[in-house]
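Report on one structure; see the data block that follows.
Letters go in sequence order (proteins before strands), and every chain restarts at 1. All figures in this text were calculated on a predicted structure; none of them were measured in a lab.
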Number of protein chains: 2
Amino acid sequence: MEKYTVRNKIRKLRFQNNEMTQEQLAEKAGVTRQTIIAIESAKYSPSLELAFRIALAFGVPLGDVFSYDPEDESNQIINK
Amino acid sequence: MEKYTVRNKIRKLRFQNNEMTQEQLAEKAGVTRQTIIAIESAKYSPSLELAFRIALAFGVPLGDVFSYDPEDESNQIINK
DNA sequence: CTTATATGTAATATATACTTGACATAATGT
DNA sequence: ACATTATGTCAAGTATATATTACATATAAG
């Protein structure tokens, strides 16, 4: 029954790679800056195609940008 | 200027893995059979989230199911 | 010949991704 | 004080993914 969520490292990658700006990434990925903002802040998750293009823009495989993880991150220590 | 396209190996994987039927895969991925048909026959490419769930259903990483390739496959031998 | 199962197609409807445009703010530089 | 650059937000519209329903076909089994 586990619930999963899509996570991304766009922000990290933007700063590692040439201090890439949102607008530059948007242009490289062929998409609007609004779209980058929305994805970066996880307002929604991109289409598979766009996910591939973003990974391409950074020159890394898709798995280095996006992951599909269980929605935990809270209850590790708290369990009694 | 290269044009890319999303390709998938769903059909192959369905037959390798337990002769999985479209409906079974749909159920595992939490989606309609129609959606599986459309993606399998590349009528459209899935959302990133669904792509992850399909890969999970097969127990393989996303890259084993979907790829982002140049739209060639035609002009290799024909170039004079 | 019928029944069941797997696959395909098509129409309409809903949800979500993506665009466009406008405006706000903080930081930096002149 | 003004201009520029990067980031963020909000609203309305367009495009595409996904759901729903219904029907068609092929195959294998009885």
Side-chain contact test, heavy atoms from C-beta onward, threshold under 4.5 Å: evaluate it for Leu48(B) versus Leu62(B) and give yes or no.
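Answer yes - side chains close enough.
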Short question: side chain of Ser47(A), backbone of Leu50(A) - any donor-acceptor pair under 3.5 Å?
yes
Using modelled atom types only, decide if a donor and an acceptor are shared between the side chain of Thr32(B) and the backbone of Thr35(B) within a distance under 3.5 Å.
no
State the [atom1]-[atom2] distance between [X] and [Y], to the nearest 0.5 angstrom.
| X | Y | atom1 | atom2 | result |
| --- | --- | --- | --- | --- |
| Thr5(A) | Glu49(B) | OG1 | CD | 6.5 Å |
| Ile54(A) | Phe66(A) | CD1 | CZ | 4.0 Å |
| Gln16(A) | Phe58(A) | CD | CZ | 9.0 Å |

Can you tabulate the close N/O pairs, meaning under 3.5 Å, that link protein atoms to atoms of nucleotides 27-30 of chain C?
none

Applying side chain to side chain donor-acceptor pair (under 3.5 Å) to Ser67(A) and not counting sequence neighbours gives Asp69(A)
### Task
With sequence neighbours excluded, tell me which residues meet side chain to side chain donor-acceptor pair (under 3.5 Å) with Glu40(A).
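Glu40(A): side chain to side chain donor-acceptor pair (under 3.5 Å) contacts with Arg11(A), Arg14(A).
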Atom CD of Glu27(B) and atom P of dT7(C) are separated, to the nearest Å, by 14 Å
Atom CG of Leu25(A) and atom P of dC18(C) are separated, to the nearest Å, by 13 Å
Within residues 46-54 of chain A, those residues having any heavy atom closer than 4.0 Å to DNA chain C are Pro46(A), Ser47(A), Leu50(A)
Checklist entry - Going by heavy atoms closer than 4.0 Å, what residues in residues 34-45 of chain B are next to DNA chain C? => result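 Here the set is Gln34(B), Ile37(B), Lys43(B).
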- Task: Under 4.0 Å from any heavy atom of chain B: name the first and the last nucleotide of DNA chain D that qualifies, 5' to 3'.
- Result: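 Going 5' to 3' along DNA chain D, contacts run dA17(D) to dA22(D).
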Would one find a side-chain N or O of Arg33(A) under 4.0 angstrom from OP1 or OP2 of dT20(C)?
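For dT20(C), OP1/OP2 do not have a side-chain N/O of Arg33(A) under 4.0 Å.
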- Task: Using heavy atoms to find the nearest nucleotide of DNA chain C for Arg11(B) and Thr32(A) separately, return the residue whose nucleotide is more 5′.
- Result: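 So the residue in question is Arg11(B).
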